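To keep things clear, I will list the structure first and then write my remarks on it.
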Amino acid sequence: MAVPNPLVAVLMGSKSDWETMRQADEVLAGFDVPHECRVLSAHRTPAETAEYVSRAEARGIEVIIAAAGGAAHLAGVCAAHTLLPVLGVPMESASLKGLDSLLSTAQMPAGIPVGTLAIGPAGARNAALLAVAILANSRPELRRKLREFRAAQRDKVLRESLP
Ligand code: RP5
């Protein structure tokens with residue numbers, strides 16, 4: 001999944017998060033946003049995670065999406081190592097259904113923000129859409145695509161019929 005000049009990094013704490021995070025990958029691909037997806041863990045690969053995130057801005061990356069489950073500190077650790085916006089996606093966990101991940105990701109002490117999305121697939125898709133919206137602030141073509149996406153979504157809802 002290596003692309004030459006990624007604008008978004010999609011990080012996840014474990015390969016087991018990929019089934020969920022592939023949805024972020026799909027959304028970004030749908031908008032033709034160059035991005036890369038990597039497994040990097042705050043606790044299993046702490047040095048490599050810090051190094052990757054510290055170098056991200058110099059590589060041209062503009063947004064980092066970080067997904068983790070359980071005692072989910074990946075997004076917070078990423079945010080500590082960069083000025084780039086970090087969007088956290090709490091993974092659904094076996095024992096607490098992602099409530100642990102949600103609180104761990106959202107409850108950042110003041111000073112180092114993490115923009116936290118919903119638990120699971122909705123959060124994965126919305127993190128990608130939020131990344132697109134951030135990038136679209138300075139990219140009119142991307143903004144046009146985002147407007148079209150919203151219009152298509154609206155039209156689909158208005159076409160719904162109930163039995
Ligand atoms: C976190 O622990 C990962 O983000 C994952 O959601 C969770 C479980 O990881 P595995 O034990 O499946 O590798 O670090």
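This is a predicted model, so every value here is computed, not measured. All residue numbers in this chain count up from 1 along the given sequence. In each ligand, atom 1 is the first atom listed, and ligand 1 is the first ligand listed.
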For S41 and T45, test the side chains for any donor-to-acceptor distance below 3.5 angstrom and give the result as yes or no.
-> no

Atom 12 (O) of ligand 1 - nearest protein heavy atom and its distance | S16 OG, 2.7 Å

Stepwise salt bridge (Lys or Arg N to Asp or Glu O under 4.0 Å) check, E141 with R144 | CA-CA 5 Å; E141 173 61 11; R144 184 189 62 74; 2.5 Å; yes

Numbering as shown, the atoms of ligand 1 that approach A68 to under 4.0 Å (heavy-atom distance) | 4 (O)

Backbone of M91 reached by a side-chain donor or acceptor of S101 within 3.5 Å | yes

Residue and atom name of the nearest protein heavy atom (relative to atom 1 (C) of ligand 1), distance in Å to one decimal = G69 O, 3.5 Å

What is the closest protein heavy atom to atom 11 (O) of ligand 1, and at what distance does it sit?
-> R44 NH2, 3.3 Å

Give a yes or no on this: more than 12 heavy atoms of other residues, nucleotides or ligands lie within 6.0 Å of atom CZ of R55.
-> no

Protein heavy atom at shortest distance from atom 10 (P) of ligand 1 = S14 OG, 3.4 Å

Counting from 1 in the order shown, the ligand 1 atoms closer than 4.0 Å to a non-hydrogen atom of G13 are 3 (C), 4 (O)

Compute the shortest N/O to N/O distance between D17 and ligand 1 and return yes if it is under 3.5 Å, no if not.
-> yes

Does atom CG of L83 have more than 12 heavy-atom neighbours from other groups under 6.0 Å away?
-> no

Nearest to atom 14 (O) of ligand 1, what protein heavy atom do you find, and at what distance?
-> H43 CE1, 3.3 Å

Any sub-3.5 Å donor-acceptor pair from R139's side-chain atoms to L135's backbone N or O?
-> yes

